[in-house]
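The figures that follow rest on heavy atoms only: side chains count, while hydrogens, waters and symmetry mates do not. Only a predicted model underlies this, so the values are computations on that prediction, with no experimental measurement involved.
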Amino acid sequence: METARAHLQIDATQHVASAVPTAKLPAGNFDLPASYEFCARLAKSHYENFTVASWLMPREMRPHMYAIYAYARMADDFADEHHDLAMLDDWERELDSAYAGAPRHPVFIALADTIRRFQIPREPFQDLLTAFRSDVDFKGFETLDDLLGYSRYSANPVGRLVLFLFGYRDAERQHLSDLVCSGLQLANFWQDVAVDLGKDRIYLPRRDMERFGVTANNLAAHTSSREFRKLMRHEVEIARAMLAEGGELHRRVDKRLSRDILMFAGGGMAILRAIERIDCDVFRSRPELTKIDYLKLGWNALCGRLEA
């Protein structure tokens, strides 16, 4: 899944390294502070386009973001790295224990505390597991609606969890958050078309490929034809429209969260611009953000604006 792709650093800590390949309890005694620290080290050992708790995230919220991230990160590894449904089943049983008030694994000791403090329902955590299980038996997507249906489980729950942390529980804000999360996930998919091909994954909807005259063989040959670039421009515009609409969420939350929303939505927009800078030829080189892009992201977030 596209929540994170970097490998865990070897020297992060012995406890964190031992946590990745198994859902079983790691060695050691974990009280609540040690459990939050476990989650923080796991989160900080990964690098992505945007960290789960950005430098604009209020400091008091970061431990809870790390707990949520650790839950998703480890389950993602069980699916993507190990292709092991049994590990995901174990992880779901740990989630059951957390909601029953008897967590054992350090991730769930921290997560249970976060769940209790912010009265977070089980559904978004369960939805993420649904997405991870589908990753184990990846079949691609026939239509854009099918792909967005996947994002409904793989990306949107994260945004909703963040809203719960800040006290927002209404359907209107959740809808806007869903647009940001799905739009950002689409941007990441289009950024990594070539990377995902190497993992036998095609996220481009088959109907869209057919419409623009692009085949799976064309993709496998890394053929950046006029048809392929038209297809990519089409997908880029869909993602941009979602991010622009969803980005309005920043006006409907307090400043603490508003800036982070602008970082995420603006980051998705920046990825789309990076794709366009190379004329959508993602086979020639992976479109990446520059230091200037990151500086502009931070400045725009501080100024309260979203650059399309």
Does a salt bridge link [X] with [Y], judged by any charged N lying under 4.0 Å from a carboxylate O?
X	Y	value
Arg256	Glu60	yes
Asp281	Arg229	no
Glu276	Arg273	no
Lys296	Asp293	no
Arg116	Asp113	yes
Lys199	Asp135	no
Asp146	Arg207	no
Asp254	Arg259	no
Lys139	Asp137	yes

Any side-chain donor paired with an acceptor under 3.5 Å for [X] and [Y]?
X	Y	answer
Thr114	Tyr36	yes
Tyr203	Asp192	no
Gln191	Glu288	no
Ser182	Asn156	yes

| query | Within the side chain of Thr223, is there an N or O that forms a donor-acceptor pair under 3.5 Å with the backbone of Leu219? | reply |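 Flag not set: sc Thr223 to bb Leu219 has no pair under 3.5 Å.
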| said: So does Tyr71 get a backbone contact from the side chain of Trp91, meaning a donor-acceptor N/O pair under 3.5 Å? | reply: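 Looks like yes, one N/O pair under 3.5 Å.
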| Linked, directly or transitively: Val282 and Val195 (ILVMFWY side chains, under 4.5 Å) |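 No, Val282 and Val195 fall in different hydrophobic clusters.
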| task | Work out which heavy atom in Leu306 is nearest to a heavy atom in Gly247; give both atom names and the distance. | result |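 Scanning both residues completely, I find the closest heavy atoms to be CD2-CA, 4.0 Å.
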| Under 30°, 30 to 60°, or over 60°: which ring-plane class applies to Phe38 and His105, parallel, tilted or perpendicular? |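 It falls in the perpendicular class, over 60°.
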| Do Val136 and Phe78 touch side chain to side chain, with heavy atoms closer than 4.5 Å? |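 No - every pair of side-chain heavy atoms lies 4.5 Å or more apart.
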